[in-house]
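Chain A is the first sequence line, chain B the second, and so forth, proteins listed ahead of strands; every chain is numbered from 1.
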Amino acid sequence: MARFSLTKQAKLIKTDDFSSVFNFRKRISTHYLIIHYRPGAQGQARLGLVVSKKTAKSAVHRNYMRRVLRELFRLQQHEIGAIDLIIRVQKSFSQTDFMQIKQEFNVLMTKLKQRMQPLIANPDSVSVATDK
RNA sequence: GAAGCUGGCUAGACAGUCGCCGUUCGCAUUUAACUUGUCAGUUUACUGACUUAGUUAAAUGGCGAAGCCCCUCGCGGGCUUACGCAACGAAGGGAGGAAAGUCCGGGCUGCAUAGAGCAAGAUGACGGCUAACGGCCGUACGCUGAAAUCUUUCUGGCGAAAGCUGGGAAUUAUAAGGCGCGGAAUAGGGCCACAGAGACGAGCGUAUUAAGUUACGGUGAAACGCGGUAACCUCCAUCUGCAGCAAUAUCAAAUAGGCUGGCACUUUUAUUUGUGUGAAGGUACGCAAGUAAAUAAGGCGUGGCUCGCGCUGCCAGCGGGUAGAUAGCUCGAGCGCACAAGCAAUUGUACGCCUAGAUGAAUGACUGUCACCUUAGCAAUAAGGCUACAGAACCCGGCUUACCGGCCAGCUUCACUU
RNA sequence: CGGGGCGUAGCGCAGCCUGGUAGCGUACUUGUCUGGGGGACAAGGGGUCGCAGGUUCAAAUCCUGCCGUUCCGA
């Protein structure tokens with residue numbers, strides 16, 4: 001039975017984790033969001049969020065966007081697989097745009113699955129990719 | 001009742017689903033004993049069985065760490081730990097009045113320090129409060145402060161008149177309240193545009209007088225006067241050591257470098273030191289050690305092997321210390337209430353309470369109902385907003401700035417009624 | 001957390017320290033030179049000096065508090 005809890009194991013915590021994902025240089029972008037991804041070795045999807053001060057000046061507004069994205073990730077984390085993700089907010093959104101954000105997130109997840117399919121099929125290529 | 005103003009409190013509510021972060025407790029499973037309950041036997045007491053709940057004791061159990069023991073020495077096995085972590089369950093807690101700006105003041109920590117002074121900076125009516133302040137309270141002063149009131153005046157209506165009433169304008173003093181307050185100008189220096197005869201030294205012009213004796217002089221903010229300006233320099237009084245929780249303390253990986261010890265250390269050249277040959281000094285030669293450069297060998301990697309290519313002294317320990325972890329980290333000039341002192345700020349006493357501690361950063365997301373607001377509508381209701389300003393980062397006292405509303409209390413003026 | 005700079009015409013900047021007139025370049029408008037354009041020359045318009053309060057006879061300038069923007073250090 002899949003649980004929906006979001007623990008510390010499902011987060012990117014250290015600076016090395018973040019920079020390794022960014023250095024992998026793979027990303028998918030939509031109108032509001034940009035996703036950087038990298039196949040991870042933890043056997044679990046892990047999430048990092050970046051909401052810069054440039055997108056929204058109010059801290060309350062930035063916290064809202066962070067929480068919504070965290071919630072969406074929490075509900076789908078078991079369907080994603082062992083991937084490290086960093087979600088970046090490109091354009092600010094508010095509570096009226098919630099349904100649109102949800103759709104965009106789903107689109108991003110399906111795209112991500114399609115791209116990760118060959119990597120998961122033969123794990124040797126994953127190891128080669130991570131070495132480089 | 002109307003108008004103006006001040007202070008305090010609050011910061012949508014409830015329910016459902018899925019979650020996040022601390023704190024405390026229980027850990028999960030098995031066994032035994034006791035208490036309670038039921039049933040059976042039965043001498044109002046005892047025995048046996050069962051189940052649920054609670055308490056106590058023991059054992060077993062996930063990962064890691066430390067210690068001990070055994071051994072066939074290996075990434076072995078076993079035991080212990082009021083050691084940690086993970087996982088599970090329960091209880092209880094979880095953003096603000098400004099958490100914001102970072103403008104002042106203090107605690108705390110480190111460094112420095114007998115004490116004092118210089119420099120630099122800040123403050124400046126008087127008195128008080130305070131841990132302290134540039135803050136607060138009281139008093140005095142200045143500026144301001146009403147469509148209300150007083151006074152004057154113009155005008156319209158009613159009326160025989162007295163008078164009543166509506167509108168406009170001007171003026172004066174103000175209420176509650178708001179804002180401000182910068183000590184010293186014979187201690188000294190600087191500056192005072194334009195205008196004006198003259199701008200800080202006094203002199204000049206006219207009139208006058210025994211006499212620089214007296215009076216006046218269009219301008220200008222200030223004019224014939226030893227003025228104004230210290231939010232110009234300065235002087236006086238008071239205060240301030242410097243830095244900031246990324247402070248600071250403890251533990252501590254990898255890599256590079258440092259120190260120590262052991263092993264390895266070929267040859268040549270240069271140089272330094274010691275020593276021998278030499279009667280002595282110098283020179284020369286030999287030996288030993290150190291340093292530098294080059295080279296060979298060795299080692300490692302590439303590889304089935306050789307050649308080749310690339311890198312390079314090897315091993316162990318120590319100390320500093322980075323990433324990281326832990327502490328600092330929330331019980332404090334704390335909050336509530338009552339009484340007392342005081343005009344007040346505030347202080348004292350008694351009682352009660354514990355109220356966020358995150359660190360790539362939690363305190364939430366969604367749905368429904370009600371409340372609130374806006375629009376439409378006589379209303380019922382419908383649609384929309386799902387609401388203001390805004391998110392703790394070591395902690396307090398203030399100040400400033402932002403802000404949709406709601407509730408309560410008080411003050412002043414005026415009008416009406418009793 | 002600590003420290004500094006900037007805000008003046010549509011744009012880029014002087015003036016501020018040492019208070020009395022707000023200016024330079026460019027852009028804009030008009031005119032002249034040219035057959036026309038470009039260019040040159042001449043004239044002109046355009047400023048809450050970021051906002052608010054204060055000191056002063058007088059504030060872009062001095063003082064205080066805000067707002068915006070930008071940079072630096074730990």
Does the structure show a Watson-Crick or G-U wobble partner for [N], both distances under 3.5 Å? Name it, or say none.
{"N": "B/rC287", "answer": "B/rG274"}
{"N": "B/rC204", "answer": "B/rG217"}
{"N": "B/rA402", "answer": "none"}
{"N": "B/rG127", "answer": "B/rC137"}
{"N": "B/rG360", "answer": "none"}
{"N": "B/rG310", "answer": "B/rC300"}
{"N": "B/rA254", "answer": "none"}
{"N": "B/rC235", "answer": "B/rG183"}

Review point. Would you say a side-chain N or O of A/Arg67 is under 4.0 Å from OP1 or OP2 of B/rU363?
Key: yes
Exercise for review: For B/rC366, take OP1 and OP2 only and decide whether either is under 4.0 Å from a side-chain N or O of A/Tyr64.
Suggested key: yes
Point to revise | Distance (rounded to the nearest 0.5 Å) between A/Glu104 CD and A/Leu69 CG | key: 10.0 Å
Check your understanding: Would you call A/Leu112 and A/Tyr37 a side-chain contact if the rule is heavy atoms closer than 4.5 Å?
Key -> yes
Study note, to complete from the structure: Only residue of A/Ile86, A/Ile87, A/Val50, A/Ile28 satisfying side chain to side chain contact (heavy atoms under 4.5 Å, CB included) with A/His36 is A/Ile86
Review point. Do A/Phe105 and A/Phe98 sit in the same hydrophobic cluster, where Ile, Leu, Val, Met, Phe, Trp and Tyr count as joined when their side-chain heavy atoms come under 4.5 Å apart?
Key: yes
**Study point:** Single-linkage hydrophobic cluster, 4.5 Å side-chain cutoff, A/Leu47 and A/Met109 together
**Key:** yes
With syn defined as a glycosidic angle within 90° of 0 and anti as everything else, classify [N].
{"N": "B/rU17", "result": "anti"}
{"N": "B/rG201", "result": "syn"}
{"N": "B/rG22", "result": "syn"}
{"N": "C/rA42", "result": "anti"}
{"N": "B/rG97", "result": "syn"}

Review point. Within the modelled atom types, does a donor on one side and an acceptor on the other bring the side chain of A/Arg74 and the base of B/rC18 under 3.5 Å apart?
Key: yes
Exercise for review: Give the nucleotide from the list B/rA365, B/rG360, B/rC20 with an atom nearest to the side chain of A/Phe98.
Suggested key: B/rA365
Check your understanding: If you check every side-chain atom of A/Asn63, which of B/rA362, B/rG391, B/rC366 has the closest atom?
Key -> B/rG391
Point to revise | Nearest-nucleotide 5' precedence on RNA chain B, A/Glu71 against A/Ala59 | key: A/Glu71
